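Since the structure comes first, as structure tokens, the remarks are kept for the end.
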Number of protein chains: 4
Amino acid sequence: MKFASDNNGPVHPKIMDALVRANEGSVPSYGADALTAAAVEKVREAFDAPEAAVFFVPTGTSANALLLATHARPWETIFAASFAHIHVDECHAPEAFTSGAKITPVGKDIDKFNADELQTAISAFDLSNMQQSAHGPVSVTQVTERGTLYTLDELSAISKVCRKAGVMLHLDGARFANAAAALGCSAAEMSWKVGVDAVSFGATKNGAMAVEAAIIFDPKRAEEFRRRQQRGALVFSKARYLAAQMDAYLTDGLWLELASAANECAATLEAGLAGIEDVKFAFPRGANMIYAWMPRFRHQALMKAGAYYYIEQGTLDGADAHEPLLGRLVCDWSVEPASIQRFVEVARQARA
Amino acid sequence: MKFASDNNGPVHPKIMDALVRANEGSVPSYGADALTAAAVEKVREAFDAPEAAVFFVPTGTSANALLLATHARPWETIFAASFAHIHVDECHAPEAFTSGAKITPVGKDIDKFNADELQTAISAFDLSNMQQSAHGPVSVTQVTERGTLYTLDELSAISKVCRKAGVMLHLDGARFANAAAALGCSAAEMSWKVGVDAVSFGATKNGAMAVEAAIIFDPKRAEEFRRRQQRGALVFSKARYLAAQMDAYLTDGLWLELASAANECAATLEAGLAGIEDVKFAFPRGANMIYAWMPRFRHQALMKAGAYYYIEQGTLDGADAHEPLLGRLVCDWSVEPASIQRFVEVARQARA
Amino acid sequence: MKFASDNNGPVHPKIMDALVRANEGSVPSYGADALTAAAVEKVREAFDAPEAAVFFVPTGTSANALLLATHARPWETIFAASFAHIHVDECHAPEAFTSGAKITPVGKDIDKFNADELQTAISAFDLSNMQQSAHGPVSVTQVTERGTLYTLDELSAISKVCRKAGVMLHLDGARFANAAAALGCSAAEMSWKVGVDAVSFGATKNGAMAVEAAIIFDPKRAEEFRRRQQRGALVFSKARYLAAQMDAYLTDGLWLELASAANECAATLEAGLAGIEDVKFAFPRGANMIYAWMPRFRHQALMKAGAYYYIEQGTLDGADAHEPLLGRLVCDWSVEPASIQRFVEVARQARA
Amino acid sequence: MKFASDNNGPVHPKIMDALVRANEGSVPSYGADALTAAAVEKVREAFDAPEAAVFFVPTGTSANALLLATHARPWETIFAASFAHIHVDECHAPEAFTSGAKITPVGKDIDKFNADELQTAISAFDLSNMQQSAHGPVSVTQVTERGTLYTLDELSAISKVCRKAGVMLHLDGARFANAAAALGCSAAEMSWKVGVDAVSFGATKNGAMAVEAAIIFDPKRAEEFRRRQQRGALVFSKARYLAAQMDAYLTDGLWLELASAANECAATLEAGLAGIEDVKFAFPRGANMIYAWMPRFRHQALMKAGAYYYIEQGTLDGADAHEPLLGRLVCDWSVEPASIQRFVEVARQARA
């Protein structure tokens with residue numbers, strides 16, 4: 001009953017096998033090895049983007065911060081949803097890597113914004129006023145931090161606003177695979193074909209050990225990214241072990257297979273909880289994350305039974321057994337059906 | 001005949017096995033797992049430092065840059081040898097992480113400096129002059145970037161100068177194990193017992209996949225390090241896989257065993273080359289690195305035979321077959337005796 | 001009819017005279033001159049703070065950014081009103097000087113926040129969560145960016161929240177004198193006596209040429225400020241000319257005399273406009289700034305007649321002559337009564 | 001007998017008069033005033049550079065740091081003489097403003113380098129090696145920090161190396177006027193005509209209160225400079241008072257007149273000291289600075305008689321009356337002949 005995060009699960013055996021297979025002999029370091037070249041090609045193929053610049057980094061925050069820093073000047077503001085990971089969960093990595101760019105929250109919802117809201121937010125900054133921020137990159141998260149999705153049309157509309165404003169569009173795809181699986185679209189369709197300029201393509205939460213691909217579709221900023229990666233202490237000497245993960249992840253559709261499995265687990269969990277009268281969902285489930293309001297007594301029963309997940313709003317201890325608390329439940333590919341079943345049962349049978 | 005770097009070799013099987021063993025079930029992320037706690041304890045035990053703050057990061061540069069940033073203010077200068085990795089091989093990571101501290105080269109030799117030279121360098125900065133740099137951390141590399149060693153007495157003398165100046169002493173130990181094995185001393189003896197305040201304790205070059213421990217003996221700066229690590233995008237979500245490597249590395253003396261093996265390979269190689277009349281060594285070998293002057297024709301023969309290593313001074317192509325070029329030869333634990341033997345033979349039998 | 005800003009006016013003759021008087025002979029540079037020492041003492045006396053660290057800088061933004069950087073770490077967030085000058089009008093100087101601290105808007109009003117809102121904002125950041133911002137300085141602006149005032153009780157309540165949270169309280173006093181004059185309180189009463197830790201004490205907008213005093217009541221951070229000032233390129237070599245301005249500003253109560261004059265001008269202007277039926281004030285006037293909603297045709301008539309001020313909301317051109325536009329009107333000491341009278345007359349007599 | 005620095009002297013009366021004259025009425029702030037526009041034109045005329053971007057800042061360090069930051073990326077190294085002001089006297093302002101660029105000392109002399117030395121220094125960095133610094137701006141100081149001069153031919157040769165390497169050439173002209181007066185050349189001849197791309201054009205040391213012009217001959221980076229100036233808190237609200245100084249400085253050749261006067265004072269002082277047997281000059285005097293070795297007893301007599309200047313090497317107290325100490329003597333336009341005469345007399349008549 002472990003639903004705290006999709007980064008709690010293990011590495012998928014096929015990816016671990018790839019690491020073991022890569023562990024042969026002496027090869028050039030810092031990305032000059034054949035496996036890195038092959039994995040870069042795999043990413044380009046997956047995105048149908050033969051010219052794209054591709055870099056492997058060990059954390060999602062590093063992909064985000066380096067991509068944003070490569071495209072933002074220190075006096076620009078980045079535009080993002082108010083609960084964007086880059087804004088509230090990266091301990092100022094974007095501000096640090098950009099040397100002081102700001103992040104402006106966009107829209108009335110915490111997880112997503114739309115093209116109109118973006119246009120309003122951008123227009124609020126007057127480029128002729130040197131005291132204000134200049135217009136910087138726009139960043140969307142797909143799957144969002146609240147488990148919802150942008151449709152391709154929504155992304156397309158947002159990118160049109162970006163084009164008009166002359167700013168780039170970044171997609172934080174820590175859960176890119178989950179989104180693509182949910183939308184049934186290709187990596188290209190969910191990125192450059194709808195006007196996305198750069199992607200943090202996550203693998204870690206979806207079965208890898210620690211690797212994300214930072215992808216820039218127009219390669220003219222490749223050199224800058226590489227320099228920033230180096231000064232960010234984010235270049236692996238034994239690069240083959242990042243590449244081996246990504247290579248296996250993109251082989252035979254493993255990335256979509258694992259994401260689909262995770263999404264399905266979440267769907268099953270959601271369906272189970274939906275049958276309990278006092279459970280309400282805070283956001284429409286897009287992929288592998290559920291935000292569920294449940295009365296305190298159900299949370300208490302679950303925790304007592306060994307469930308592991310986060311209460312996002314409210315506290316487990318409290319006098320009112322019926323007060324609704326917001327729980328976050330995340331599935332990765334490794335969640336077992338029995339675990340979901342038991343979670344639903346414990347929640348259902350809890351008594352105040 | 002691959003002697004380009006000790007980061008070209010594979011992961012030692014025991015460390016790879018540890019990764020496979022760690023790959024079970026769902027565990028808390030970001031270092032809250034039991035394996036991370038155990039590995040931290042292993043490091044403390046290895047250093048006989050039960051209070052030390054210990055952090056796992058994936059690259060040597062990140063250990064160096066985070067430790068220096070945790071101890072240096074932006075208006076301070078760091079003191080280091082003129083060929084220190086932090087000065088010439090980290091693409092300004094120390095400057096970036098410290099938000100603008102400088103690095104002042106110390107001493108007349110490129111690889112090492114002594115206590116007197118350090119005192120002179122520090123005294124050159126007048127603290128009452130606000131236009132100049134203030135005194136910041138001192139950093140020594142052990143094994144040095146030219147393969148030489150500081151004796152414990154030399155380190156001790158340097159640390160006394162640091163104490164007097166009120167600055168901390170950092171040790172860049174990318175090859176800490178090779179130095180400890182060569183000196184036959186304990187980790188404690190080569191660090192806090194001679195006055196070192198913080199250590200970048202490398203494992204990657206010595207058989208790990210990608211892990212270094214950043215160690216601060218006085219834990220009062222632990223919180224600052226942790227915050228800097230987070231904003232540096234250098235905290236692994238699946239932290240267990242860093243911990244597993246370090247845990248195995250420190251189990252049953254594997255770290256010293258591998259370092260000794262590497263040092264021995266280098267000794268064998270050195271002895272072999274020493275028998276060739278026109279080969280001269282540029283630096284006294286301390287551990288697993290050799291800097292050898294050899295006439296061009298020998299380098300050409302070696303490269304032609306498939307040897308892989310760097311020419312540090314001079315160029316392979318050139319009219320004068322007898323012009324000496326400086327080659328750098330590095331061994332890790334995985335170098336095979338036959339490879340060494342062949343290298344020596346090719347070098348010896350080469351003809352101008 | 002020039003009401004665009006209190007930084008458009010000239011230097012007061014007494015301050016200009018002081019500059020001329022200071023222009024004698026050769027004196028030590030970088031603040032080691034007697035006039036600087038005397039001016040520092042004048043500030044300490046004005047604030048009844050004999051131990052305070054006092055620095056002279058040429059711009060208000062530099063006072064703010066240096067004081068905040070001296071008290072904030074890069075992973076902390078600063079708390080301020082959503083329209084705080086530091087947040088929206090300093091082109092990321094606080095982010096630059098702090099190397100990446102963030103600014104969190106506090107409260108529902110754009111100009112001010114109260115103690116409860118501050119407590120809520122601080123509590124939203126969980127210090128045990130390393131991914132989030134840590135708690136940093138709180139900054140209030142007095143007079144606020146919308147011309148309103150904090151009462152001493154409000155400041156006191158805010159400072160209590162700061163104390164509890166262990167963070168410092170900064171006061172952006174670009175218009176400190178206008179506030180003190182309006183509240184009829186002393187500099188001490190409006191600063192350390194209500195728990196303010198550091199003040200940007202403005203003079204430029206109130207009759208000086210270019211000088212602000214950065215004041216830290218607890219001098220233990222003085223050295224850090226001085227180093228940051230130096231690396232910020234904000235130390236004048238001919239420091240006497242900053243000191244001369246501040247010295248004259250604080251002599252014989254000139255600072256309060258000029259501020260009172262400016263406040264009175266604004267009061268007269270406000271009273272005149274209040275007599276026009278369709279004029280509405282957006283904020284209660286605290287000192288020398290007025291935010292007035294007036295129908296478009298009145299703004300058009302004023303502009304046509306040569307008035308100079310900013311339309312903060314809405315555009316001068318537009319079909320609807322009666323649409324209300326928000327005008328900002330600021331007075332400094334040099335505004336002439338005739339100018340006010342004429343402005344009111346033009347506004348009143350305008351016809352749609 | 002005050003020869004400590006040319007920033008110790010007063011503001012020239014013509015410049016002070018200009019400030020007084022500018023002190024009339026209400027004008028737009030932040031550089032939108034007519035006087036700023038006029039002063040910008042004056043600079044363009046003086047440099048025969050009608051397209052140049054021109055900005056006024058209050059300190060020499062700010063002109064240097066902003067110009068370098070506008071042209072250097074954080075992973076580049078700046079090339080400069082080892083005693084360059086930007087390297088040893090700006091408390092890391094260049095490192096701060098560039099977000100972490102380094103400065104590489106060039107050449108064997110401390111004050112100057114030549115084209116060959118620059119080529120060697122640049123070539124030492126291999127652009128294909130991402131761990132090293134990339135090539136950044138080259139900065140020369142004219143008059144140098146040791147009072148010497150580059151000839152126009154030397155500058156031209158240096159700029160050719162810059163062109164070849166694709167890097168820009170910055171001239172730190174804190175004493176630009178003194179150099180131009182000494183060389184008898186125009187501002188254009190000493191800047192863009194010999195390939196200089198950007199100039200810190202000093203006025204403060206030569207009779208102004210606090211103003212320097214930052215000049216970029218190719219204006220395409222103007223916007224970036226302006227943004228950096230704003231986030232550096234270096235934009236004056238009452239900009240007219242910077243402009244008034246520069247305007248007067250460039251009117252009727254005042255800048256060259258004052259510089260010539262200062263140079264002449266130094267020549268007279270040099271000639272006087274040259275007549276004393278045990279006085280030796282450390283550097284050939286180029287303009288208004290002298291570095292003189294004199295035995296300790298002469299320094300002691302001078303200090304006792306009230307002379308004010310810096311001992312650059314050695315300490316005033318010491319047993320050996322005849323030990324040579326290096327004194328730095330700087331003249332500005334305001335030095336009186338009697339003062340020079342007396343200095344020479346005291347030095348001459350001193351007895352051990």
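On a predicted model such as this, the values are computed, not experimentally measured, just so you know. Every chain is numbered from 1 and lettered A, B, ... according to where its sequence line falls, protein lines coming before strand lines.
- Contact annotation for residues 3-14 of chain B against chain A (heavy-atom separation below 4.5 Å, listed by residue number): B:D6, B:N7, B:N8, B:G9, B:P10, B:V11.
- Note: A:S29 leads A:A22, A:A96, A:S29 in heavy-atom pairs under 4.5 Å with chain B.
- When the shell of 6.0 Å around NZ of B:K238 is examined, it contains more than 12 heavy atoms from other residues, nucleotides or ligands.
- Taking a 6.0 Å sphere around CD of B:E264, one finds it holds 12 or fewer heavy atoms contributed by other residues, nucleotides or ligands.
- Residue A:C91 comes nearest to B:R231 through the heavy atom pair O-CB, 2.9 Å, listed as atom of the first residue, atom of the second, then distance.
- Ranked by non-hydrogen atom pairs under 4.5 Å with chain B, the options A:H92, A:E95, A:R240 are led by A:R240.
- Here the shortest heavy-atom pairing between A:L19 and B:M16 reads O-CE, 3.4 Å.
- Using a 4.5 Å cut-off between non-hydrogen atoms, the part of residues 58-68 of chain A that approaches chain B consists of A:P58, A:T59, A:T61, A:S62.
- Interface residue B:Q230: backbone and side-chain heavy atoms are both found under 4.5 Å from chain A.
- Chain B forms more heavy-atom pairs under 4.5 Å with one residue of A:P28, A:P94, A:S99, A:A239 than with any other, namely A:P28.
- No part of B:L242 comes within reach of chain A, as not one of its non-hydrogen atoms sits under 4.5 angstrom from that chain.
- At most 12 non-hydrogen atoms from other residues, nucleotides or ligands lie less than 6.0 angstrom from CZ of A:R342.
- Chain A is approached within less than 4.5 Å, heavy atom to heavy atom, by B:T204, B:G207, B:A208, B:M209, B:A210 from residues 201-211 of chain B, ordered by number.
- With a 6.0 Å radius and a threshold of 12 heavy atoms from other residues, nucleotides or ligands, A:E224 has its CD atom above the threshold.
- Side-chain contact between B:Y308 and A:S26: absent, with no pair of heavy atoms (C-beta onward) separated by less than 4.5 Å.
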May I have the list of side-chain donor-acceptor pairs in residues 333-341 of chain A shorter than 3.5 Å, sequence neighbours left out?
unit_1	atom_1	unit_2	atom_2	d
A:S334	OG	A:D332	OD1	2.7
A:S334	OG	A:D332	OD2	3.3
A:S339	OG	A:M1	N	2.8

